[in-house]
Amino acid sequence: MCHGCHPGLNHLAQTLMSDVASSDFTQINQAPPANDPPAGTTIFTNGSIITMAGGNLKPVEALAISGGTITAAGSLQQVQQSVQGGTTAIVDLQGKCVLPGFIEPHLHLFLSALTVDFLIPLQPWIVSTQQNALRILKAAAEKAEQQGSHWVAAYGYDPSLLQGHPDLDAETLDHNVSTKIGVFVLNQSAHIAYVNHKALELAGINNNTPNPTGGTFVRKDGNLTGVVLEGPAIDMVSKPITKPSAAKFIADCAQKLNEWSANG
């Protein structure tokens, strides 16, 4: 399964987006591009320019772009004649290929936006040991404390793929990350979360809190360990996490779209 399609991770994303109204998403298209298009017209030629006009390859000799919009495609003479005023730059493709923009149907925009600087990624291709993960979390917690935030949230931790296969628990997070703010880490499977004692306190969960139907607060000798299993329990401990504002979330969506557009 695609990691971004996982129902557990998407449920967390929906929880974190709960303060964003559907009408706010209309503002994403109004965000300015990462880089303003160059003034005047740029003509591309001397390459394989594929237009796919009419559903066919339809290669042309030249292509003109002005203000970020394709304004002409055809022979070099036709394209040059189409330019009206302004400066014109000629780009020699040197035999390279130009293709139409592709529509990406599987990009998980909202979840990706949360990773800009809100959800901290801890996947095995980012961290190779538990200590790597704890150092990243501690740095994030120190920054959050300085900014007056009460939470740090991360995802992707997978002990099965780390050296020694070390799990996290409340004591480990308390000792190595923070006891002052809540720390929430979602396992790569999204079926397990790890939290410190401050997170349990902020969520109003204690040793006497009953397990919700379908979920478990793992205990040892009657005491909460900070390991949380399955959606209903994970939902209870993650609901109090400080959520990004609508304006911040929309800005992060625009940033992600611009990053992807810049890479084609």
In terms of side-chain heavy atoms, does Gln255 have a donor or acceptor partner in Glu259 at a distance below 3.5 Å?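 Yes, because at least one side-chain N or O of Gln255 sits under 3.5 Å from a partner of the opposite role on Glu259.
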
Could you tell me if Tyr155 and Gln188 have a donor-acceptor pair between their side chains, going purely by distance under 3.5 Å?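 No donor-acceptor contact under 3.5 Å links the two side chains.
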
Determine whether [X] and [Y] fall in the same hydrophobic cluster, where Ile, Leu, Val, Met, Phe, Trp and Tyr are linked whenever their side-chain heavy atoms lie under 4.5 Å apart.
{"X": "Val79", "Y": "Phe44", "result": "no"}
{"X": "Val98", "Y": "Val60", "result": "yes"}
{"X": "Ile136", "Y": "Trp125", "result": "yes"}
{"X": "Val116", "Y": "Ile120", "result": "no"}
{"X": "Leu161", "Y": "Leu168", "result": "no"}

Can you tell me how far the [atom1] atom of [X] sits from the [atom2] atom of [Y], to the nearest 0.5 Å?
{"X": "Asp158", "Y": "Leu122", "atom1": "CG", "atom2": "CG", "answer": "11.0 Å"}
{"X": "Lys138", "Y": "Arg135", "atom1": "NZ", "atom2": "CZ", "answer": "12.0 Å"}
{"X": "His191", "Y": "Ile234", "atom1": "NE2", "atom2": "CD1", "answer": "8.5 Å"}
{"X": "Ile43", "Y": "Ile90", "atom1": "CD1", "atom2": "CD1", "answer": "4.0 Å"}

Contact check, side chains of Phe217 and Pro212, non-hydrogen atoms, under 4.5 Å: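 Side-chain contact under 4.5 Å: yes.
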
Check whether any side-chain heavy atom of Leu114 lies under 4.5 Å from a side-chain heavy atom of Pro244, and answer yes or no.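 Leu114 reaches Pro244 side chain to side chain.
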
Would you please test Lys198 and Ser178 for side-chain contact (heavy atoms from CB on, under 4.5 Å) and show each step? CA-CA 8 Å; Lys198 187 64 176 181; Ser178 178; over 6 Å; no

Step-by-step side-chain contact (heavy atoms from CB on, under 4.5 Å) determination, Val91 to Thr45: CA-CA 6 Å; Val91 175; Thr45 189; over 6 Å; no

Can you tell me if Thr51 uses its side chain to pair, donor with acceptor, with the backbone of Pro59 under 3.5 Å?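 No, because the side chain of Thr51 does not come within donor-acceptor range (under 3.5 Å) of the backbone of Pro59.
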
Quick one, Gln163 with Ser128, criterion side chain to side chain donor-acceptor pair (under 3.5 Å). Give me CA distance, side-chain angles, the key distance, then yes/no. CA-CA 7 Å; Gln163 297 175 14; Ser128 58; 4.6 Å; no

For Tyr194, the option from Thr225, Thr172, Val185 that meets side chain to side chain contact (heavy atoms under 4.5 Å, CB included):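 Among the candidates, only Val185 passes.
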
With side chain to side chain contact (heavy atoms under 4.5 Å, CB included) as the test, pick out the partner of Glu171 among Leu173, Asp169, Asp174.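 It is Asp169; the other options fail the test.
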
Between Lys243 and Phe249, is the side-chain contact (heavy atoms from CB on, under 4.5 Å) condition met? List the steps. CA-CA 9 Å; Lys243 303 170 181 63; Phe249 182 72; over 6 Å; no

Within a radius of less than 6.0 Å around NE2 of His197, do more than 12 heavy atoms belonging to other residues, nucleotides or ligands occur?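 Buried by this count: over 12 neighbours within 6.0 Å.
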
Taking atom CD1 of Ile70 as the centre, does the number of heavy atoms from other residues, nucleotides or ligands within less than 6.0 Å exceed 12?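 No, the 6.0 Å shell around CD1 holds no more than 12 heavy atoms from other groups.
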
